[in-house]
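Letters go in sequence order (proteins before strands), and every chain restarts at 1.
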2 protein chains.
Amino acid sequence: MNTVSSPREVATAAADRLYYSRGIQAVSMDELRAETGLSLKKLYALFPSKEAIVLAVLHSRHEQWSAGLERAAATATTPRERVLSIYDYLLECFVSDDYRGCGFVNAFGELGATVPAVAEAARAQKVGFQGYVGKLVAAAGAPAELAPMLVLLAEGAQTTAAICGTPDAARSARAAAEALLDGARAA
Amino acid sequence: MNTVSSPREVATAAADRLYYSRGIQAVSMDELRAETGLSLKKLYALFPSKEAIVLAVLHSRHEQWSAGLERAAATATTPRERVLSIYDYLLECFVSDDYRGCGFVNAFGELGATVPAVAEAARAQKVGFQGYVGKLVAAAGAPAELAPMLVLLAEGAQTTAAICGTPDAARSARAAAEALLDGARAA
DNA sequence: TAGCCTAGAGAACGAACGTTCTCAATGCAA
DNA sequence: TTGCATTGAGAACGTTCGTTCTCTAGGCTA
């Protein structure tokens, strides 16, 4: 682990913060320069264009999301709890008062139709999450059809928590997931 | 019912089409002028600003969403089917090959942090939908805690269908809703 | 026909953006 | 010290956008 971040990491982290909180097109390169302390010349030496910065942000966000999920899963002791840890991690995210929903959904809505690489990055993150949930569901011995349902609960919770401004959706999602797991076991 | 649309309706409908398919900031006033055939002067006589057009679009989209839900519910014969008609309506939406997710979620992600009125319009639509689902759930004699869960399924299905490009999410959401309704009945 | 009001088409304006360029300051090799 | 390559700060450029303004054509009244 490197405690000193490279300029590229500094720029990516700052861009992530700015883009996520205000929207991508609302943040100019000049603002990113001011936030990072890097010169424009340096920024354009690190990245060929703003689009490349956006893609780097989405890439790092994908990694943080996966790491957060696995960190939450690591605290669980049973396969069933590992499935439910997804919603514990969501709750963690939601309680932040500047939570603004899934960054991939936001980027897709803003740029997905204009910048194909953004749409593809969002798709990749969703497919990755679906695969992760599928693995947890299989490990818990639950039927495979349950996985896409649990995914929908998590996706819906993110937009609902963001727009309504409350973390309640995480609890509803968790309770629904429990009910679905129990129902599948009973059947 | 008026078969001849007012210029305001023409502008709102065209803006809705353009904004939804490409993103709001990606569509200039000049493109809206070209699409509608109205002059810029006329557009600015109808609306004081682009922001006002965006809000009019969201308002009309809210009405279309509610009308679509009620139209789907009208074909159902039992209270339970009326609940599930939500996901039939979603499937209707998803099969359109230019489906791009919930317009309110997209607008919120793009402009919610910059334009408070957009965030409020999105919140109002979500709250309205939650109330609608709550009424259907109550009419079906199901426990009230089910409503927010069914909402999450619908919200998640919209983003998933948009980003992954398939309408499958509607079927998963419907199946999950059925399982939750059945589980609640059994309890 | 004469005068006036409306409205359409698009030029114009000021601001903001992404990107590039200038230029001076710096560090380093010999 | 001299010369050169690198770099930082920010001015500059070309484009695009939202919005306003100009100018002209056309229709209505008398």
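Spacing between atom CD of Q25(B) and atom P of dA15(C) amounts to 20 Å, rounded to whole angstrom units. Summarising the geometry, the separation between CG on D30(B) and P on dG10(C) is reported as 10 Å, rounded to the nearest angstrom.
Surrounding CZ of R171(A) are at most 12 heavy atoms belonging to other residues, nucleotides or ligands under 6.0 Å away.
To the nearest 0.5 Å, atoms CG (L152(B)) and OG1 (T159(A)) are separated by 8.0 Å. Here OG1 of T160(B) is found 11.0 Å from CD of E155(B). Values are rounded to the nearest 0.5 Å.
Near-neighbour residues of DNA chain D inside residues 32-52 of chain B, defined by a heavy atom below 4.0 Å, number-ordered: L40(B), K41(B), Y44(B), S49(B), K50(B).
Ring pair Y89(A)/W65(A): centre-to-centre distance below 6.0 Å.
With no hydrogens or angles considered, no side-chain donor-acceptor pair links S28(A) and D30(A) at under 3.5 Å.
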